[in-house]
Participant: 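Got a structure for you, questions after.
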Amino acid sequence: MDELNRTTNPNAIVTDAPEEHFRLNFFDVACLIINRTIGTGIFNAPGTVTGTTQSAGGAILLWFFGIFYALAGMHVYIEFGLNVPRYVIEGIEQSVPRSGGDLHYLQYVYRWLYYKKDTVLYSGCLYGITFIFIGNMANNCINFASRVLQGAHPGVVPDNGHVRGVAMAAAVFACLIHGVSRRGGIWLNNLFALVKVGLLLVIVGTTLAVVGKGIKDADGNVIENVFGQNLDPKIAFQPPLNPNGTTDIKHGEGSANSYAAAFLSIMFAYSGFEQNNYVLGEIARPRRTFPRATVFAVALIATLYMVVNLCFMAVVPAWEQDTDVIALLFFRKTFAFAGPGVAERVFNAFLALSSFGNIIVMTYTAARMKQEIAKQGFLPFAKFFGQNRDVSIGRLVMHLRRTRGWKLGWIAAEQHREATPVGALTLHLASCVLLIFATYRVAPGDAYNLLANLDAYITSAFFGFFLALGIIILRIWGPPATEPAKTKEYREKHHDAGVADDAPVRKTWTEMVNGSVKTWLSWTCAVIYLVGNAFPLIALWIPGTGQFASDGLSWWLVPTIAYVVLGFASVWWLSFLVVAKYREHHQQKSLIYEIRPEFAWADPAGDHDPASEKRQRDGGVIMVHETVLLQWYGGEMDMFDMPAGEHGGDFGPMFGQDHEGFGSTATTATTGARLHRRQQPAAPAAPAPVNEFANTDFDDFGPPPPVAGPTHNTQW
């Protein structure tokens with residue numbers, strides 16, 4: 001109600017950044033990547049990689065290349081995150097870190113196809129619609145449900161209907177947690193991140209016990225250390241021999257397609273370093289916290305992954321690694337002394353925890369991404385999906401304390417009273433449930449493989465390729481000109497006073513990113529990330545191989561479905577153009593896409609403290625408030641392009657008293673469609689909000705008193 005009460009226009013999407021004490025700190029940011037990245041991939045992928053490459057040495061080499069891929073991709077996202085989008089604020093051209101990640105980066109580089117200039121871009125629609133369908137936790141929900149049921153009944157294949165039911169319950173629970181308590185969801189994410197690191201350390205510690213001959217099998221024999229046997233330089237790059245002295249090479253293994261499938265599995269295992277970019281606008285002091293926490297998390301994960309792979313090589317013979325999930329084989333050997341069924345329970349517990357942790361973090365970050373997608377103008381019910389709403393547990397507790405006298409001292413209501421993207425969470429849940437039941441006729445294991453590889457192919461490989469290419473394009477052809485941000489002060493100075501708008505500022509990309517990244521490192525990482533993503537995109541189409549990832553999935557299935565989804569997103573954008581042109585010609589209506597940002601210093605400065613002032617300048621500014629209008633407007637109107645601000649205060653009645661002279665800034669502060677009224681009478685003032693819950697137990701659910709003004713520090 002706080003946000004809705006600030007504007008009289010029902011189509012305006014109003015969002016505020018979290019207050020300072022609610023922002024993500026270094027530990028929160030690092031845990032987002034750790035919890036998202038460490039998942040089922042590290043437990044499933046090593047055996048798949050060894051089996052498809054038919055070489056223990058080749059498998060370790062691919063995992064080593066995976067480190068460079070992850071570090072290169074991390075650098076690409078840091079470079080974009082620190083430098084896009086850009087605004088001219090008080091005459092200074094600068095970047096403002098914001099949530100939305102890939103969506104804003106792709107629209108910044110690929111701006112050529114659009115409905116109107118910087119309004120409903122094809123690149124944004126392609127990514128947005130695809131992410132809505134693919135960017136959810138359906139695969140992890142299915143895997144979590146399967147592992148929980150298998151852990152409860154080892155050796156019994158769980159019923160497919162039961163798996164889907166538990167999967168849907170897990171999805172609902174995650175959305176509910178993040179809907180009623182943003183802080184609670186973050187705490188839960190941090191807990192799972194620590195648990196996952198602990199799980200990998202358990203594997204390392206168990207392996208050290210094997211190397212030290214401290215673990216025996218069920219017969220009392222010391223478990224053999226097979227590290228030297230697996231990675232002997234003379235045979236490490238040859239097909240492993242089974243105890244009979246023969247190889248078990250299946251059709252297609254060792255081919256280009258199988259190497260691409262193996263590397264795609266590694267890409268999926270490393271996917272997650274982009275999570276911080278999805279919620280960059282919620283990070284405290286993002287210019288300092290974001291890159292440091294990201295580098296720390298990715299370096300930690302890369303180290304753990306290589307160590308864990310070496311641990312598997314020390315316990316499980318190479319010829320055996322593709323006979324079952326390698327982590328299960330590991331636990332069967334090392335926990336055999338505990339009795340039958342224990343290894344299966346431990347393994348399924350590990351995977352269930354990993355999957356559920358992914359569900360928690362993906363719900364938090366992907367919902368914020370879908371909220372940003374809703375603001376782009378090509379989705380129906382954009383306000384519902386893009387608006388934050390306060391349905392928090394903190395609000396309920398405070399209501400019960402005041403009206404019922406309940407103490408409830410065990411919960412700090414103030415820590416859980418935040419507005420959350422309820423509409424985006426609803427969209428996230430709907431897409432997840434859709435995929436859970438769309439794969440109903442596919443066995444749970446195959447459904448997980450299909451959805452996981454589909455996510456890796458589209459989100460990591462396809463769009464990652466174009467992000468890497470985007471860095472190269474920006475460095476060769478240069479970025480677009482930076483437009484002034486149409487803040488309230490800017491409009492008062494230029495529009496109300498009749499002063500012409502400031503000219504856009506044009507710089508080279510090197511000048512823009514100076515101080516944030518090094519040129520040679522930017523080029524190197526962009527090329528590595530480009531090639532790494534191009535390899536599976538191309539190689540997976542090479543025919544002549546038997547299967548893709550499991551006996552139930554054909555090699556061509558994942559890339560085919562991926563391009564069907566991308567094709568659907570393209571059709572969605574074309575359909576939007578058809579509808580838009582129809583409305584323009586037959587209803588005389590055009591889409592108004594207006595954005596009003598407000599900024600504040602990321603670091604407050606001390607009183608006459610030079611060090612604090614320097615830290616403030618280095619920290620830059622952050623976006624603390626944003627109002628977006630998405631409305632089909634027309635009727636008795638002349639429709640033609642006008643210079644920014646020429647309509648003056650003409651949109652005042654559409655936004656309320658506080659929005660006179662509202663200028664078009666779009667995502668990059670450029671102009672979209674502008675309309676000029678033809679002698680329309682002034683709209684009446686908005687009526688005072690009426691509290692329909694007055695004198696009831698729900699009195700505080702009515703409209704709050706008018707907002708006195710922003711509570712953030714110095715703003716533009």
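All heavy atoms count here, side chains included; hydrogens, waters and symmetry mates do not.
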Participant: Where is the tightest heavy-atom contact between Asn453 and Val558, given as atom of each residue plus distance?
Facilitator: O-CG1, 3.7 Å
Participant: May I ask you to say whether Glu584 pairs ionically with Lys116, meaning some side-chain N is under 4.0 Å from a carboxylate O?
Facilitator: yes
Participant: Under 6.0 Å between ring centres, would you say that holds for Phe80 and Tyr108?
Facilitator: no
Participant: With no hydrogens and no angle check, do the side chains of Asn136 and His428 hold a donor and an acceptor under 3.5 Å apart?
Facilitator: no
Participant: Given side chain to side chain donor-acceptor pair (under 3.5 Å), test Ser522 with Glu79 step by step and report yes or no.
Facilitator: CA-CA 8 Å; Ser522 172; Glu79 183 169 354; 2.7 Å; yes
Participant: Can you see which heavy atom on Ile129 is nearest to which on Leu379, and at what distance?
Facilitator: CD1-CD2, 3.8 Å
Participant: Is the closest side-chain heavy-atom distance between Glu626 and Ile595 below 4.5 Å?
Facilitator: yes
Participant: Hey, does Ile89 have a side-chain heavy atom less than 4.5 Å from the side chain of Val96?
Facilitator: yes
Participant: So, does Lys370 use its side chain to make a donor-acceptor pair with the main chain of Gly135 at under 3.5 Å?
Facilitator: yes
Participant: Is the closest side-chain heavy-atom distance between Met137 and Cys175 below 4.5 Å?
Facilitator: yes
Participant: Between CD1 of Ile134 and CG of Leu454, what distance do you get to the nearest 0.5 Å?
Facilitator: 4.0 Å
Participant: Any sub-3.5 Å donor-acceptor pair from Trp573's side-chain atoms to Val120's backbone N or O?
Facilitator: yes
Participant: Would Phe462 and Tyr457 count as a close aromatic pair, with their ring centres under 6.0 Å?
Facilitator: no
Participant: Using only atom types and a distance under 3.5 Å, with no angle test, would you say the side chain of Arg389 pairs donor to acceptor with the backbone of Phe384?
Facilitator: yes
Participant: Shortest non-hydrogen contact from Ala374 to Ile13?
Facilitator: O-CD1, 4.4 Å
Participant: Take a 6.0 Å sphere around CZ of Phe381 and say whether it holds more than 12 heavy atoms from other residues, nucleotides or ligands.
Facilitator: no
Participant: With rounding to the nearest 0.5 Å, note down the distance linking SG in Cys125 to CG in Leu106.
Facilitator: 12.5 Å
Participant: Less than 3.5 Å apart, any donor N or O on the side chain of Thr294 or Asn276 sitting next to an acceptor on the other?
Facilitator: yes
Participant: Does a side-chain N-to-carboxylate-O contact under 4.0 Å join Glu282 and Arg98?
Facilitator: no
Participant: So how far is it from Cys432 SG to Ile359 CD1, rounded to the nearest 0.5 Å?
Facilitator: 7.5 Å
Participant: So which heavy atom on Leu435 is nearest to which on Phe133, and how close?
Facilitator: CD1-O, 3.1 Å
Participant: Pairing donors with acceptors under 3.5 angstrom, does anything connect the side chains of Arg475 and Thr510?
Facilitator: yes
Participant: Indicate whether any N or O donor in one side chain lies under 3.5 Å from an N or O acceptor in the other, for Asn388 and Gln371.
Facilitator: yes
Participant: Does Tyr593 form a side chain to side chain contact (heavy atoms under 4.5 Å, CB included) with Gln376? I'd like the steps, not just the answer.
Facilitator: CA-CA 8 Å; Tyr593 181 58; Gln376 305 309 307; 3.7 Å; yes
Participant: Say you draw a straight line from CE of Met369 to CG of Leu103; how long is it, rounded to the nearest 0.5 Å?
Facilitator: 6.0 Å
Participant: Is it the case that atom NE2 in His586 sees more than 12 heavy atoms from other parts of the structure closer than 6.0 Å?
Facilitator: yes
Participant: Ignoring hydrogens and geometry beyond distance, is a side-chain donor-acceptor pair present between Ser99 and Glu372 at under 3.5 Å?
Facilitator: no
Participant: Could you tell me which residues satisfy salt bridge (charged side-chain N to carboxylate O under 4.0 Å, His left out) with Glu93, sequence neighbours excluded, listed by chain and number?
Facilitator: Arg86, Lys507
Participant: Just wondering, do Leu126 and Phe463 contact through their side chains at under 4.5 Å, heavy atoms?
Facilitator: yes
Participant: Closer than 3.5 angstrom, by distance alone: can the side chain of His178 be matched with the main-chain N or O of Ile360 as a donor-acceptor pair?
Facilitator: yes
Participant: Is there a side chain to side chain contact (heavy atoms under 4.5 Å, CB included) between Tyr77 and Met74 once you walk through the steps?
Facilitator: CA-CA 5 Å; Tyr77 275 93; Met74 174 200 71; over 6 Å; no
Participant: Strictly by modelled atom types, are Thr482 and Arg506 linked by a side-chain donor-acceptor pair under 3.5 Å?
Facilitator: no
Participant: Should the pair Phe576 and Tyr115 be assigned to parallel (<30°), tilted (30 to 60°) or perpendicular (>60°) ring geometry?
Facilitator: perpendicular
Participant: Would you check if the distance from the ring center of Phe466 to the ring center of Tyr105 is below 6.0 Å?
Facilitator: no
Participant: Has the side chain of Arg23 got a donor or acceptor atom that lies under 3.5 Å from a matching backbone atom of Gly281?
Facilitator: yes
Participant: Find out whether Arg111 and Pro480 are in side-chain contact, i.e. whether some heavy atom of one side chain is under 4.5 Å from a heavy atom of the other.
Facilitator: yes
Participant: Do Ser570 and Tyr122 meet the criterion of a side-chain donor-acceptor pair at a distance under 3.5 Å?
Facilitator: yes
Participant: Kindly write out the residues that satisfy side chain to side chain donor-acceptor pair (under 3.5 Å) with Asn140, not counting sequence neighbours, or none if the list is empty.
Facilitator: none
Participant: Go through the steps for Tyr278 and Asp102 under the test side chain to side chain contact (heavy atoms under 4.5 Å, CB included), then give the verdict.
Facilitator: CA-CA 8 Å; Tyr278 293 0; Asp102 304 41; 3.7 Å; yes
Participant: With no hydrogens and no angle check, is any side-chain donor or acceptor of Gln588 less than 3.5 Å from a backbone partner on His585?
Facilitator: yes
Participant: Do Asn83 and Ser516 have side-chain atoms, one donor and one acceptor, less than 3.5 Å apart?
Facilitator: yes
Participant: Donor-acceptor check, side chain of Gln94 to backbone of Tyr87, threshold 3.5 angstrom: yes or no?
Facilitator: no
Participant: Measure the spacing between CD1 of Ile436 and SG of Cys141 and express it to the nearest 0.5 Å.
Facilitator: 4.5 Å
Participant: I need the minimum non-hydrogen distance between Tyr114 and Thr119, along with the two atoms involved.
Facilitator: CB-O, 3.9 Å
Participant: What pair of heavy atoms forms the shortest contact from Ala526 to Ala468, and how long is it?
Facilitator: O-CB, 3.4 Å
Participant: Is the shortest side-chain N to carboxylate O distance from Arg596 to Glu594 below 4.0 Å?
Facilitator: no
Participant: Please step through ring pair (Phe, Tyr, Trp, His ring centres under 6.0 Å) for the pair Tyr69 and Tyr529, ending with a clear verdict.
Facilitator: CA-CA 6 Å; Tyr69 168 82; Tyr529 198 52; 5.2 Å; yes
Participant: Where do Leu32 and Tyr364 land on the side chain to side chain contact (heavy atoms under 4.5 Å, CB included) test, with the steps shown first?
Facilitator: CA-CA 9 Å; Leu32 285 177; Tyr364 173 68; 3.9 Å; yes
Participant: Which value, rounded to the nearest 0.5 Å, describes the distance between Leu264 atom CG and Asn533 atom CG?
Facilitator: 9.5 Å
Participant: Determine whether more than 12 heavy atoms belonging to other residues, nucleotides or ligands lie under 6.0 Å from atom CH2 of Trp477.
Facilitator: no
Participant: Will you find, in the side chains of Arg182 and Ser392, an N or O donor that is under 3.5 Å from an N or O acceptor?
Facilitator: no
